[in-house]
Engineer: 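What follows is a single structure, and I will ask about it in a moment.
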Amino acid sequence: MDIKADITRAGIKKEEIDKLKSRIDDEYRKLRSGKIDMTGWVNLPFAYSESELAHIIDAAAEIKKKCSILIVIGIGGSYLGTRAVTEAIGARGSIGLPEQERDGSLASWINDGVNIIFAGNNFSAAYHLRILREFLGNDVCLCVVSKSGETMETKAAFAMLKAALETKYSEEEVKERIYVITGKSGSLRREAEAEGYKVFDIGEDVGGRYSVLTAAGLLPIAASGPNIKEFIVGAKDASEIAEEDPSFFDYAAVRYLLGQKKTAEVFEYYEPQLSYFAEWLKQLFGESEGKDGKGIFPVSLSMSADLHSMGQFLQEGRQCFFETVLNVVSPTHDFKVPSSAGEPLAGMSMNCLNNAAMNAVMRAHEKSGVPIIKIDIPELTPYYMGQLMYFFEINCAVCCGLSGINAFNQPGVENYKKEMKKLL
Ligand code: PA5
């Protein structure tokens with residue numbers, strides 16, 4: 001079984017999709033041609049350099065030996081891919097705020113990785129000061145990820161955490177504990193080269209939100225435990241399906257057609273471990289598509305929690321949206337509800353309840369006319385995360401192409417940065 005979009009509840013006729021087929025094929029061929037700027041990610045899964053991969057795997061093994069905590073410093077595309085994967089597959093660690101989230105984390109599912117803490121994804125002093133407590137009693141390494149090397153959140157957090165590292169280790173040891181993943185130029189590249197840190201490249205023709213298959217995602221993911229070769233093979237298999245099976249792009253087609261009538265896409269997940277995958281999706285679509293006054297506003301809801309709040313809006317509120325349900329077909333864990341829960345819950349499998357909730361919601365919403373796309377994800381493993389991410393990346397790029405949008409720039413992001421620099 002592969003990742004599949006079930007479009008039977010989307011309210012779109014087959015003929016409408018068929019009419020788009022040749023345009024979709026053109027967009028896809030353009031992406032594969034290598035002639036469009038910033039599409040280096042398209043060919044990554046099957047053109048990965050073996051030596052680069054070996055270098056990443058060796059560094060991950062080294063990190064695992066050296067430390068119990070890896071602090072991954074980065075934001076946006078230099079952060080969300082790693083967090084999406086590590087949380088989805090329950091890799092060891094993947095901790096946002098230390099202590100606060102650790103107890104409830106999925107920490108022990110994969111045991112041979114380091115714990116990951118994410119930093120540099122905000123300007124909060126409280127958030128970063130709490131991370132300092134992790135330096136007590138733990139061996140720490142830093143992995144700083146920034147393609148430009150100039151992002152303010154990343155620079156501020158790196159400077160602060162490096163200073164903390166310097167109070168704990170000798171000058172030589174500090175150098176050994178810092179891993180830098182960056183582009184060809186910028187102050188981070190210069191600093192890394194001057195200081196002698198281990199440096200990995202983010203390809204010049206790959207933008208942040210498409211960079212999870214570069215060292216930006218692969219190194220921290222590998223350090224946290226998962227087998228990144230399986231992750232790459234998943235993406236490669238998805239690229240082969242894209243070549244052979246036109247239904248791979250049904251999602252792009254339906255989404256494009258629904259976007260003519262609806263202004264928002266609600267990503268819904270029933271496994272909370274997909275929450276950061278949904279964040280990654282929001283970035284992928286929001287930053288790729290939201291320009292020239294166009295785009296479908298991406299939002300996400302965690303089910304069933306949000307049924308008890310936003311469920312009302314979905315059922316009876318302004319019908320400006322369609323839903324994209326992320327359905328995990330075979331979840332990793334299950335248990336039977338003890339009899340004390342009473343009927344009808346007693347003895348039921350938790351997964352069965354979760355599935356019933358999802359089907360009930362789809363049925364109720366379909367009846368009220370909400371278009372629904374269901375994405376079937378066989379399992380949350382490195383292999384299927386590779387398939388899934390490539391599936392969404394390429395469908396997103398094709399969908400943007402259909403709307404005449406350049407999916408690979410983000411000119412609007414610069415405006416707040418300019419204003420902030422003026423204020424500073
Ligand atoms: O997708 C993108 O390009 C952005 O989200 C960037 O990844 C983000 O702004 C961080 O940039 P950088 O990697 O240069 O620090």
Engineer: Can you tell which of Thr86, Val85, Ile71, Ile181 makes a side chain to side chain contact (heavy atoms under 4.5 Å, CB included) with Pro220?
Structural biologist: Ile181
Engineer: If you measure from CZ on Arg363 to OG on Ser368, what distance do you get to the nearest 0.5 Å?
Structural biologist: 14.0 Å
Engineer: Within this structure, what is the CD1-CD distance for the pair Ile372 and Glu268, rounded to the nearest 0.5 Å?
Structural biologist: 7.5 Å
Engineer: Is the Phe248 to Phe391 ring centre distance short of 6.0 Å?
Structural biologist: yes
Engineer: Do the side chains of Arg189 and Asp201 get close enough for a salt bridge, i.e. N-O under 4.0 angstrom?
Structural biologist: yes
Engineer: Within the distance-only criterion (no hydrogens, no angle test), does the side chain of Thr263 pair as donor or acceptor with the backbone N or O of Cys320 below 3.5 angstrom?
Structural biologist: yes
Engineer: Could you go through the salt bridge (Lys or Arg N to Asp or Glu O under 4.0 Å) check for Asp26 and Lys30 one step at a time?
Structural biologist: CA-CA 6 Å; Asp26 288 351; Lys30 274 194 247 165; over 6 Å; no
Engineer: Between Arg23 and Glu27, is the closest basic N to carboxylate O distance under 4.0 Å?
Structural biologist: no
Engineer: Stepwise, does the ring pair (Phe, Tyr, Trp, His ring centres under 6.0 Å) test hold for Phe277 with Tyr269?
Structural biologist: CA-CA 9 Å; Phe277 179 67; Tyr269 50 90; 9.2 Å; no
Engineer: Is the ring centre of Tyr79 less than 6.0 Å from the ring centre of Phe118?
Structural biologist: yes
Engineer: Walk me through it: do Leu281 and Leu326 pass the test side-chain contact (heavy atoms from CB on, under 4.5 Å)?
Structural biologist: CA-CA 11 Å; Leu281 284 175; Leu326 305 170; 4.1 Å; yes
Engineer: Does the separation of the ring centres of Tyr210 and Phe408 fall below 6.0 angstrom?
Structural biologist: yes
Engineer: Step by step, would you call Ile117 with Val72 a side-chain contact (heavy atoms from CB on, under 4.5 Å)?
Structural biologist: CA-CA 6 Å; Ile117 295 176; Val72 179; over 6 Å; no
Engineer: Does the side chain of Leu188 come within less than 4.5 Å of Val199's, by heavy atoms?
Structural biologist: no
Engineer: Examine distances only and state if a side-chain atom of Asn409 and a backbone atom of Pro411 form a donor-acceptor pair shorter than 3.5 Å.
Structural biologist: no
Engineer: Mark yes or no for whether Lys282, through its side chain, and Glu287, through its backbone, hold a donor-acceptor pair below 3.5 Å.
Structural biologist: no
Engineer: Working to the nearest 0.5 Å, report the span between OG1 of Thr39 and CG of Leu31.
Structural biologist: 6.5 Å
Engineer: Is there a donor-acceptor contact under 3.5 Å from the side chain of Asp292 to the main chain of Lys294?
Structural biologist: no
Engineer: Tell me whether Lys168 contacts the main-chain N or O of Phe135 through its side chain, where contact means a donor paired with an acceptor under 3.5 Å.
Structural biologist: yes
Engineer: Between Glu62 and Lys66, does any side-chain N to carboxylate O distance fall below 4.0 Å?
Structural biologist: yes
Engineer: Stepwise, does the side-chain contact (heavy atoms from CB on, under 4.5 Å) test hold for His365 with Leu314?
Structural biologist: CA-CA 7 Å; His365 292 183; Leu314 296 175; 3.5 Å; yes
Engineer: For the pair Glu414 and Lys417, evaluate salt bridge (Lys or Arg N to Asp or Glu O under 4.0 Å) and give the outcome as yes or no after the intermediate values.
Structural biologist: CA-CA 5 Å; Glu414 293 311 311; Lys417 291 185 191 165; 3.6 Å; yes
Engineer: Do other residues, nucleotides or ligands put more than 12 heavy atoms under 6.0 Å from the CD atom of Gln260?
Structural biologist: yes
Engineer: Would you call the rings of Phe313 and Phe321 parallel, tilted or perpendicular, where under 30° means parallel and over 60° means perpendicular?
Structural biologist: tilted
Engineer: Regarding Arg83 and Glu279, does a basic nitrogen lie under 4.0 Å from an acidic carboxylate oxygen?
Structural biologist: no
Engineer: Let me see the working for Thr8 and Asp6 under side-chain hydrogen bond (donor to acceptor under 3.5 Å, both in side chains), right down to the final yes or no.
Structural biologist: CA-CA 6 Å; Thr8 51; Asp6 172 356; 2.5 Å; yes
Engineer: Any chance you could measure Asn115, atom CG, to Ile69, atom CD1, to the nearest 0.5 Å?
Structural biologist: 5.0 Å
Engineer: Checking the side chain of Tyr390 only, and the main-chain atoms of Pro45 only, is there a donor and an acceptor separated by less than 3.5 Å?
Structural biologist: no
Engineer: Let me see the working for Glu265 and Thr324 under side-chain hydrogen bond (donor to acceptor under 3.5 Å, both in side chains), right down to the final yes or no.
Structural biologist: CA-CA 7 Å; Glu265 175 172 20; Thr324 298; 2.5 Å; yes
Engineer: Using the six-membered ring of Phe158, assess whether NZ or CZ of Lys162 lies under 6.0 Å from its centre and within 45 degrees of the ring axis.
Structural biologist: yes
Engineer: Salt-bridge test for Arg32 and Glu243: reply yes if a basic N is under 4.0 Å from a carboxylate O, no otherwise.
Structural biologist: yes
Engineer: Which is it for Lys155 and Glu150 under the salt bridge (Lys or Arg N to Asp or Glu O under 4.0 Å) test, yes or no, and what are the steps along the way?
Structural biologist: CA-CA 7 Å; Lys155 283 178 95 164; Glu150 303 299 341; 3.1 Å; yes
Engineer: Can we say Asp25 and Lys21 salt-bridge, meaning some charged N sits less than 4.0 Å from an Asp/Glu carboxylate O?
Structural biologist: no
Engineer: Count the heavy atoms belonging to other residues, nucleotides or ligands that lie under 6.0 Å from NZ of Lys64, then report whether that count exceeds 12.
Structural biologist: yes
Engineer: Any side-chain to backbone donor/acceptor pair from Thr214 onto Ala216? Under 3.5 Å, distance only.
Structural biologist: yes
Engineer: So, the side chain of Asp245 versus the backbone of Ile241: is there a donor-acceptor pair under 3.5 Å, distance only?
Structural biologist: no
Engineer: So, do Tyr197 and Tyr179 have ring centers that fall under 6.0 Å from each other?
Structural biologist: no
Engineer: Within the 3.5 Å criterion, strictly below it, is a donor on Gln387 or Asp2 matched to an acceptor on the partner's side chain?
Structural biologist: yes
Engineer: Check the surroundings of atom NZ in Lys175: do more than 12 heavy atoms from other residues, nucleotides or ligands lie under 6.0 Å from it?
Structural biologist: yes
Engineer: Using modelled atom types only, decide if a donor and an acceptor are shared between the side chain of Ser304 and the backbone of Leu307 within a distance under 3.5 Å.
Structural biologist: no
Engineer: For atom CE of Met350, decide whether the heavy atoms of other residues, nucleotides or ligands shown that lie under 6.0 angstrom number more than 12.
Structural biologist: no
Engineer: Rounded to the nearest 0.5 Å, what separates atom NZ in Lys4 from atom CG in Asn327?
Structural biologist: 14.5 Å
Engineer: After noting the C-alpha distance and the side-chain angles of Ile373 and Glu323, does the key distance pass the side-chain contact (heavy atoms from CB on, under 4.5 Å) rule?
Structural biologist: CA-CA 6 Å; Ile373 305 171; Glu323 296 172 47; over 6 Å; no
Engineer: Do Val361 and Tyr270 come close enough that some side-chain heavy atom pair is under 4.5 Å?
Structural biologist: yes
Engineer: For the residue pair Phe392 and Phe267, categorise the inter-ring angle as parallel (less than 30°), tilted (30 to 60°) or perpendicular (more than 60°).
Structural biologist: perpendicular
Engineer: Are any non-hydrogen side-chain atoms of Ile232 and Leu218 less than 4.5 angstrom apart?
Structural biologist: yes
Engineer: Measure from the side-chain N and O atoms of Ser124 to the backbone N and O of Tyr127, and report whether any donor-acceptor pair falls under 3.5 Å.
Structural biologist: yes
Engineer: Can you tell me how far apart CG (Leu380) and CG (Leu388) are? Round to the nearest 0.5 Å.
Structural biologist: 8.5 Å
Engineer: Determine, stepwise, if the pair Asp139 / Tyr169 fulfils side-chain hydrogen bond (donor to acceptor under 3.5 Å, both in side chains).
Structural biologist: CA-CA 10 Å; Asp139 265 323; Tyr169 302 103; 2.6 Å; yes
Engineer: Given Tyr383 and Asp237, is the side-chain hydrogen bond (donor to acceptor under 3.5 Å, both in side chains) satisfied, shown in steps?
Structural biologist: CA-CA 9 Å; Tyr383 173 81; Asp237 285 357; 2.6 Å; yes
Engineer: Between Lys374 and Asp376, does any NZ, NE, NH1 or NH2 come within less than 4.0 Å of an OD or OE carboxylate oxygen?
Structural biologist: yes
